[in-house]
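These notes concern the structure reproduced below.
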Amino acid sequence: MAAVEGYLNLKKKKKLGSWNVFWFCLVGSSLHYYKHSEDDKPKGTIELKGATVVDAPDHSDKKLHALAVTGCGDGDFFVASPDDEEKVHWLQALTAALSAPPTPAPSKEKRKSDSVIFRAKKNVASKAATSGTGKKKIAKTLPPAVHNMLNTLEIVLEKLAPDRAKGLYNTLIKVMVKANFQVEKKTLTLEDFQPLYRPLRAVFEELCKSYDKHQKGEGDSIDWTMVTKYFQSIEGVLSKLMRPYMKPANILKLKEFFDFLGSKAFQKDLFESPKVTAEVKELITFFREYSAWEDKYENFTPMKVSLGGLLVIIADEPQLTDEQILHNLLSKK
């Protein structure tokens, strides 16, 4: 059985106090924990066989998402992760371990070897995603309308945030290339992206409304709270899907990308800066085409409409079948 590893916060019930951070390695039913990930021997081991693992909302807050483990020979304790997705990941792993046999801690060399291989695979994929080859793949994969939209967005970022533009845009391209790669490998499916539908459509509609208001000289009427929530929802879906295939640092960059797009400062510049008047008009045109495509094909399921509409834009190609629409999402036409 492959080991499950990562940093978690630990608090033992018999010594309720502050949380302590350890590197955990779960093998079989044995949860080994180390002061540092590179340590030779674990600081301690908790045997889970026969225990119970449940959510512990009373011990959670904005920064820690806790699980309670009871019925262990070593006494009850809590572990907490930095986000809800990671908590679910550990809940599943710990629950599966309850019926497994006790297993000794793997050697430092074994843990290091597995870690190096894992990082090497991610590094290769990461370099491919932001290389010229990766960007050419995106250009070939996506229809012209979407490719032009991405180019326009890149120009907007360069004009409004020159110091951050390259990093922000590379993050977007990296996610798209890796998503494409995982769909091709069948480790992700088109249906996995369905939760993007509502927040994506809502963001486009809010931006179009705000643009129209500015054009009429009626000022800013955008609902910033909702726009922020929509971007957070999009980021949450993508982070959950791509977490197994991207380094933690890149998952953080993905969050920073959507936080930037959803910031009031960026949106204000987007509609008020004369530097990007032409580019913003192009983006709004694309958003309207996307919405029009959805309205035209309202009999399709939300998943087909949202994903096909965004990444295929087939308003002028009604002869395509549903399967072709889905296929063109993340593969060559």
Side-chain angles (χ1 to χ4, degrees), residues 62-63 82-83 85 122-123 125-139 141-142 146-181 196 199-200 202-204 206-208 210-211 214 220 222-243 245-287 310-311:
K62 291 183 179 179
K63 294 183 179 180
D83 59 58
E85 288 80 9
K122 284 194 171 185
N123 286 338
S126 178
K127 290 178 180 178
T130 52
S131 67
T133 300
K135 292 179 180 179
K136 287 179 181 177
K137 182 174 181 60
I138 282 293
T141 298
L142 299 178
V146 180
H147 189 231
N148 290 340
M149 182 273 289
L150 292 174
N151 287 339
T152 302
L153 178 60
E154 182 179 23
I155 294 171
V156 169
L157 292 173
E158 288 173 348
K159 289 184 176 181
L160 297 183
D163 295 337
R164 303 182 61 186
K166 183 176 180 180
L168 291 168
Y169 187 73
N170 279 349
T171 295
L172 175 61
I173 296 300
K174 184 177 294 184
V175 172
M176 295 183 74
V177 171
K178 290 193 173 187
N180 175 48
F181 182 62
L196 292 171
L200 190 62
V203 164
F204 287 175
E206 285 293 337
L207 294 178
C208 288
S210 185
Y211 178 80
H214 277 88
D220 187 9
I222 196 167
D223 187 339
W224 295 106
T225 301
M226 292 308 300
V227 167
T228 298
K229 288 182 178 179
Y230 296 146
F231 275 117
Q232 288 175 342
S233 180
I234 295 170
E235 180 269 322
V237 172
L238 288 176
S239 291
K240 184 176 182 179
L241 288 173
M242 303 309 298
R243 190 181 300 277
Y245 316 108
M246 297 178 69
K247 293 185 288 187
N250 287 326
I251 293 296
L252 179 60
K253 289 179 181 179
L254 181 63
K255 182 179 185 304
E256 292 173 349
F257 173 77
F258 283 105
D259 284 347
F260 179 80
L261 289 188
S263 68
K264 187 172 182 178
F266 175 69
Q267 296 294 334
K268 182 179 176 64
D269 287 342
L270 191 66
F271 293 117
E272 296 182 6
S273 174
K275 298 179 183 178
V276 293
T277 301
E279 289 79 12
V280 170
K281 184 177 181 180
E282 288 184 27
L283 289 176
I284 294 299
T285 298
F286 174 85
F287 298 158
L310 175 61
L311 296 180

Residue from F231, F287, Y211 passing ring pair (Phe, Tyr, Trp, His ring centres under 6.0 Å) with F204: F287

Residues in side chain to side chain contact (heavy atoms under 4.5 Å, CB included) contact with A202, at least two apart in sequence or another chain: Y230

T285: partners by side chain to side chain contact (heavy atoms under 4.5 Å, CB included), with sequence neighbours left out: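 Once residues adjacent in sequence are excluded, the partners of T285 under the side chain to side chain contact (heavy atoms under 4.5 Å, CB included) criterion are E289.
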
Evaluation steps, side chain to side chain contact (heavy atoms under 4.5 Å, CB included), between Y169 and N151: CA-CA 10 Å; Y169 187 73; N151 287 339; 4.1 Å; yes

Enumerate donor-acceptor pairs with a distance under 3.5 Å from any side-chain N or O in residues 253-263 to protein atoms, sequence neighbours excluded.
unit_1: K255; atom_1: NZ; unit_2: D259; atom_2: OD2; d: 2.8
unit_1: S263; atom_1: OG; unit_2: F260; atom_2: O; d: 2.7
unit_1: S263; atom_1: OG; unit_2: F266; atom_2: N; d: 3.3

Stepwise side chain to side chain contact (heavy atoms under 4.5 Å, CB included) test for L196 and L238: CA-CA 8 Å; L196 292 171; L238 288 176; 4.2 Å; yes

Hey, could you give me the [atom1]/[atom2] distance between [X] and [Y], rounded to the nearest 0.5 Å?
X: E235; Y: K240; atom1: CD; atom2: NZ; answer: 12.5 Å
X: K268; Y: L160; atom1: NZ; atom2: CG; answer: 13.0 Å
X: L153; Y: L283; atom1: CG; atom2: CG; answer: 6.5 Å
X: L270; Y: H214; atom1: CG; atom2: NE2; answer: 9.5 Å
X: K178; Y: L241; atom1: NZ; atom2: CG; answer: 14.0 Å
X: L157; Y: T152; atom1: CG; atom2: OG1; answer: 11.0 Å

Quick one: does [X]'s side chain get under 4.5 Å of [Y]'s, heavy atoms only?
X: V203; Y: L207; value: yes
X: E282; Y: E279; value: no
X: T171; Y: N250; value: no
X: E154; Y: L150; value: no

S210 (side chain) donor-acceptor with E206 (main chain) under 3.5 angstrom: no

